[in-house]
Amino acid sequence: MHVLVTGGAGFLGSHLCDALLAEGHSVVCADNLLTGSRDNIGHLAHEPRFEFREQDVCRPFDFGKTDYVFHLASPASPEDYLEHAIATLQAGSLGTMHCLELAKKYRAKFLLASTSECYGDPLEHPQKESYWGHVNPVGPRSVYDEAKRFAEALTMAYRRYEQVDTRIVRIFNTYGPRLQLNDGRVISNFMKQALGGEDLTVYGDGSQTRSFCYVSDEIAGILALATSDEPEPTNIGNPDEFTILECARVVLEVTGSHSNIRYEPLPKDDPKQRCPDISKAKRLLGWEPKIDLRAGLGMSLDYFRAAVQSGQASAS
Ligand SMILES: NC(=O)c1ccc[n+]([C@@H]2O[C@H](COP(=O)([O-])OP(=O)(O)OC[C@H]3O[C@@H](n4cnc5c(N)ncnc54)[C@H](O)[C@@H]3O)[C@@H](O)[C@H]2O)c1
């Protein structure tokens, strides 16, 4: 297949490009490098089936015949979407529309990378796909949450009214090599602090929960959904739930760090619990994650160590 991956120079997008190339497809990666990096795809520079196009998907574009569009382009971490608030709303709206128009033109399949943030600060736990969410539509995080909810609505509308063959994956917290070190997410924060000899920052009392999916599990789930016939949103994530404090302890253990834990106030609208119900993905796709947090952090250690060292070298 000729596959287009938007946001392909980002963390998840670059791993998706790797997996699609490994399956024998040709891949065009479209990315404006807003939050991604050429470093993430540097290893593909001499791959003849891979092409990088510097492109903002919020502007119309067309790179020719495409069989599958994977639309991942969007700032994704709190740090990034708060800094690029308008660009985030545009990526979810205009960007998604341009990608759907392309899929319509070439009769290509389309997969939207959506998010667990569609559930907001959930009142139902764990979150099933049937839960409609509890989102503050005007709070600071709404630029991301509502952009993705709009993107889901747009995707379903192109399916219903324009006959585009669509899929929607609701991705839950994913980590692994190439995760940006300064993205403000729990794992990158803790790994950076633990390996840099700083205190680990825990917001609130650390009793809020998160679940963490290793990147190879997430990509396997996305690809399983992509080849299925399931049009409705599908959760892909790891249901093992950790309090933030437990997670901090696992990071200290895996890194062998002697850092302490420092407490700071909770940011606005920070979800108290976040954990996917993946029974649908298990039943429908025969997919479930295989890699637990300790193992995944162990496999990410070399990457984070190198990233911390190069950050410290460039700061000095
Ligand atoms: N990593 C996670 O835990 C997670 C969780 C839920 C959802 N997601 C979704 O997965 C996708 C990828 O996230 P990620 O973690 O790899 O983030 P990332 O920031 O590493 O990657 C996003 C990529 O999109 C690119 N991009 C942003 N706006 C663009 C635009 N207008 N035109 C072209 N490219 C643009 C960025 O430059 C970057 O390379 C996002 O859509 C995100 O919402 C990720």
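Ligands are counted one by one from 1 in listed order, and the atoms in each one are counted from 1 as well.
The shortest separation from a heavy atom of Ser114 to ligand 1 is under 4.0 Å, placing the residue in contact. Residue contacts with ligand 1 include Leu34, since one of its heavy atoms falls under 4.0 Å from the ligand. A heavy-atom separation below 4.0 Å is not found between Gly95 and ligand 1. Put simply, part of Tyr144 is less than 4.0 Å from ligand 1, judged by heavy atoms. Gln55 counts as a contact of ligand 1, since one of its heavy atoms falls under 4.0 Å from the ligand. Heavy-atom separations between Arg185 and ligand 1 include at least one value shorter than 4.0 Å. Remark: distances from the non-hydrogen atoms of His71 to ligand 1 are all 4.0 Å or more. Heavy-atom separations between Arg178 and ligand 1 are all 4.0 Å or longer.
Taking atom 37 (O) of ligand 1 as the reference point, the nearest protein heavy-atom neighbour is Asp31 OD1, 2.6 Å. The nearest heavy-atom contact from the protein to atom 6 (C) of ligand 1 is Ile171 O, 3.1 Å. When only non-hydrogen protein atoms are considered, atom 19 (O) of ligand 1 lies nearest to Thr35 OG1, 2.7 Å. Shortest contact from atom 13 (O) of ligand 1 to any protein heavy atom: Ala76 CB, 3.5 Å. Shortest contact from atom 30 (C) of ligand 1 to any protein heavy atom: Asn32 ND2, 3.4 Å. Protein heavy atom in closest approach to atom 16 (O) of ligand 1: Leu12 N, 2.8 Å.
The shortest N or O to N or O distance between Thr115 and ligand 1 is not below 3.5 Å. Polar contact with ligand 1: present for Phe11 (N/O pair, distance under 3.5 Å). Residue-to-ligand polar distances place Gly10 within reach of ligand 1: an N/O pair is separated by less than 3.5 Å. For ligand 1, the polar-atom distance check finds no N/O of Ala30 at less than 3.5 Å from any of the ligand's N/O atoms. At under 3.5 Å, not a single nitrogen or oxygen of Ala73, backbone or side chain, sits near a nitrogen or oxygen of ligand 1. Checked by distance only, ligand 1 and Asp56 come closer than 3.5 Å through their nitrogen or oxygen atoms.
Annotation: salt bridge (Lys or Arg N to Asp or Glu O under 4.0 Å) contacts involving residues 33-55, sequence neighbours excluded, comprise Arg38-Glu54, Glu47-Arg49, Glu51-Arg53.
Note: Tyr68 and Phe70 meet the aromatic proximity criterion, with ring centroids under 6.0 Å apart. Tyr158 and Phe110 have their aromatic ring centers separated by at least 6.0 angstrom.
Comment: Glu288 does not engage Lys290 in a salt bridge, judged by the lack of any side-chain N to carboxylate O separation of less than 4.0 angstrom.
Looking only at atom types and distance, the side chain of Ser114 has no donor-acceptor partner in the side chain of Lys148 under 3.5 Å away.
When all heavy atoms of Cys17 and Cys29 are compared, the closest pair comes out as SG-CB, 4.2 Å.
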